[in-house]
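Only one structure is covered here, and it is reproduced in the block below.
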Amino acid sequence: MKDDRDDIELAEAEYNASDIELYSEMEGVRKRPGMYIGATNATGLHHLIWEIVDNGIDEVANGYGSHVSVTVHKDGSVSVEDDGRGVPVDLHEKTGIPAIQLIYTRMHAGGKFNTKAYATAAGLHGVGATVTNALSEFLDVTVYRSGQIYHIRFENGGKLVVPLETLGPTRKHGTLVHFKPDASLFSVTEFKWDTIYNHLQEMAFLVKAVTLDLKDERKGLSHSFHYENGLQEYVAVLNQNKEPIGDILHFEDDDSPIKIEIAMQWCSKDYNENIYSYANSIATKDGGTHETGLKAGITRAVNDWATSNGIVKESQKLDGNDIREGLTSVVSVKIPEDKLEYDSQTKTKLTSPEVTPLVNEFIYQSLVHYLAEHKDFAVELVRKCQASKQARDAARKAKEAARSGKTSKKVDAIISDKLASAQSKDYKQNELFIVEGDSAGGSAKTGRDRLHQAILPLRGKPLNTDSVTMERMLKNVEFSTIIQTIGAGVGADFDVEDSHYGKIIIMTDADTDGAHIQILLLTFFYNYMKPLITHGMVYIACPPLYRVYKKSDPSKHIYAWDDKSLEEAKKKIGPGYGINRYKGLGEMNADQLAATTMNKKTRQLLQVKIEDPLVVEKRISILMGNDASQRRVWIEENVKFNDEDSFIAEVKGQ
Ligand code: 1YM
C-alpha cells in the first residue's frame, strides 16, 4: 500500500482554489442535486447513505476490518461506522489542508485519493462523500487512527465549522460518519428500514464475509448480515419459494484481473429465465457483456455434455432459451476501473468487450466439469430442457394458430363473445383493460375510446397459477383467452415485441376481492409474461372511492380517491353537498367510469414494477408461503384497512 501522501495529488489549479471557489462547487451540488444523486425523492435521499456505506465497505472488502454498521437515529440522522484504517488525516503537502477535509469537500478528491482497484457503487455518480456533505444539515467525521481520535465537522451544506481536532487516545481504528440530510432539499426526508435493509443485504451477498449491521433507533429494530458463501446464499433466497433441481452451483475465478463469481440453480415449474448481473457491485439491470458470455457458455456446456453422452443428437441441439427456462443465476464481475465501460449514463448495461469471452470460457469449463461429475443431475437437467423445448414448440404452434385464426373453437368463441377489441392497428398505442365482472365490463365497453381501448371482462376469480403446472394453466379458459388476446406467446416463448397492446390495465373493484383478483392476475403475468412487467406495460386502474356533488346542482361534482381528498372535496363543494360512495366499478355509469378511470387525461394508473428481485421473492414467500404469523406481521405493518372491507391502497414496505 502506498503512503497516503502519495495519493494526494491535486492539480495546481485545484489546490490554488480559494475557499469561495470550493464552496461554490458544493453550492453547485445543492443547486442541482438531481445531477449527482439522480433525484431528490426517496431514492436520492438513500443515496446519501450509500455514498458513505460504499466507502466503508470498500475498506473492509480490501481486508482492513470486518464490520460496517449503519444506524438510523430518532432525529432522522444516520451514522455509518467501519473498523478499517480510518480516513487519512495528515496534511496535504502543498496546501496544508488535512486529507480528510479534502475528501469531504472536493468533488473529485475521491478520484485523486482513490487507490481502489475497482470502482464500486460510490463511483456511480463519480462524486462520493462530498455530495453527502453538500446535501446535509451537518456531517461529523470521527476517525480512530494511529492511537488517536480525530474529529471534523461541517454544517449547512459542507461548511467547515470544527476544523480537524484531536480528541485524545484510543485503541480503536476506523471511521465514523454521522450526518443529517438537509430537509429543505428533499421531497422525502424519512429513511426507510426496508430500503436500507435490502441494500445492505444485497451488498452482503456481493461482498461476502463482511458483516453489515443495521440498527433503527426509531423502531428499535436491528439486523446483521453476514454471508460466508455470497452469491450462493443470494440464489438460495431467490429460489426459496421454488422447486429446485439439484444443488446451487457456485463458481469463482479470483486469479485473472477481471474477477468472476457465478451462482446458479435450475427450478422446475418456473418458466422464466432469472439472470441477475453485477459489475463492480452495481446491478446491471439491462445485462451486457457478462450476461452474453454467461448465456453462451451455459448453452455450449449443456449441449456438449448432452451430445457427447448421446442424449441429444448433434442435429437437434437445445436452444439457449430451453436451457435457461427455470434457471436462476447471479453473475458478478469485478473489473479494473480503466476497463469498465457502460452503454449509458445510467450504467445499467455493461459493454466492456473483454468480459464476454472470459465469462463464456469460465462458465463453460466449470459447468462441463460439474456435469461430468454429477451425472444424475446432468441427465435430469437435459430432460427438463427437452421438456421445455416441447412446451415451447406447442406454445409456438398455438401462437401461429392465433395469427392465422386457427385457435380452438372454445377460446375463439369466448374472444369474439367477450373481447371488445380496439380498432387501431398501432399496437403500442392500444390498451387492454382486463375488467372484473360482466357489468363493469359492459360500462367499460360503452365508455371506452374505441380506437385504442379494448375491454376483456373476467368472470369470477382467476386461477392461482402459482400452484398449477403450465399445462393446467393453458387449459384454463380465462388465461388462454388472455394469452390469445395479447397475442405474444407465453412462458419462455413470450415475445414482448409481439404484444397487441402497449398497456395491460387491470381494473377491479377497490375491495378485498378486487385486490385478490389483481394479485392472481399479477402472479400470472409474473410467471408467464414477465417481460410485460419488466417493460413497465402492466398497470392497475384506480377507480375513485367517492363522488361529492352539490345537492342543488348535481352536475357540480368532484371525485375523491381517498379520505384526505374526500375532505378537500367537501370543502370545495361547500354546504349542501351529497356523497356517493362507490363500492364497486358497477356502481358507476359508463360516462363516470370513463371519466374517472379510463380517460387518459383524467385517470390515475399505478404502474407495476419490479424494483428489486430480492424484494419480490421475499414478498411472495411471506404472502403466499406457509408461515401465517409472518404474513400477519407484514399485513399489519404494510396494509391499512378502513371500515367495512374496502382497503386503502397503501402498501408500503416489502
Ligand atoms: C464510514 C465511512 O470512509 N472509511 C474509509 C475511507 C478511506 C480509508 C479508510 C482509507 C483509504 C486509503 C488509505 C487508501 C478513504 N476513502 C477515500 C476516498 N468509512 C470510510 N476507511 N487509508 C484509509 O485508499 O489508500 C480516501 S481515504 F477518497 F476514496 F473516499
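First listed ligand is number 1; within each ligand, the first listed atom is number 1. Atom set for the values below is all heavy atoms of this structure, side chains included, hydrogens, waters and symmetry mates excluded.
- Ion pairing between a basic and an acidic side chain is recognised when a charged N comes within 4.0 Å of a carboxylate O; R85 and E59 show such pairing.
- Per-residue contacts place D82 under 4.0 angstrom from the following atoms of ligand 1 (heavy atoms of the residue considered): 1 (C), 2 (C), 4 (N), 5 (C), 19 (N), 20 (C).
- Taking every heavy atom of R145 and a limit of under 4.0 angstrom, the matching atoms of ligand 1 come to 22 (N), 23 (C).
- Ion pair K530/E273 not flagged as a salt bridge, since none of the NZ, NE, NH1 or NH2 atoms sits closer than 4.0 Å to an Asp/Glu carboxylate oxygen.
- At least one heavy atom of G86 lies less than 4.0 angstrom from ligand 1.
- Selection from V87, V80, V89 by nearest heavy atom to atom 1 (C) of ligand 1 gives V80.
- Atoms of ligand 1 found under 4.0 Å from any heavy atom of I52 (numbered from 1 in listed order, with element): 1 (C), 2 (C).
- Not less than 6.0 angstrom separates the ring centroid of Y144 from the ring centroid of Y150.
- H73 and H178 have perpendicular rings, their planes meeting at more than 60° on a 0 to 90° scale where under 30° would count as parallel.
- With respect to R153 and E155, a salt bridge is recorded, a charged nitrogen being found less than 4.0 Å from a carboxylate O.
- The side chain of I103, and not its backbone, has at least one atom closer than 4.0 Å to an atom of ligand 1 (non-hydrogen atoms only; side chain from C-beta on).
- Where the criterion is an N or O separation shorter than 3.5 Å, residue side chain and backbone included, E81 fails it with respect to ligand 1.
- In this structure, D83 does not pair ionically with K172, as no charged nitrogen and carboxylate oxygen lie closer than 4.0 Å.
- Close contacts of ligand 1 with T175, meaning ligand atoms under 4.0 Å from a residue heavy atom, involve 1 (C), 4 (N), 5 (C), 19 (N), 20 (C), 21 (N).
- Ring geometry, H46 versus F191: the interplanar angle exceeds 60°, so the pair is classed perpendicular (tilted spans 30 to 60°).
- Using a 4.0 Å cut-off between heavy atoms, E51 makes no contact with ligand 1 at all.
- Contacts with ligand 1 closer than 4.0 Å are made by no heavy atom of V68, backbone or side chain.
- Look at G84 and you'll find every heavy atom at least 4.0 Å from all atoms of ligand 1.
- Look at E341 and K349 and you find no salt bridge, because none of the NZ, NE, NH1 or NH2 atoms lies under 4.0 Å from a carboxylate O.
- Ligand-side atoms of ligand 1 in range of E59: 8 (C), 9 (C), 10 (C), 11 (C), 21 (N), range being under 4.0 angstrom from any heavy atom.
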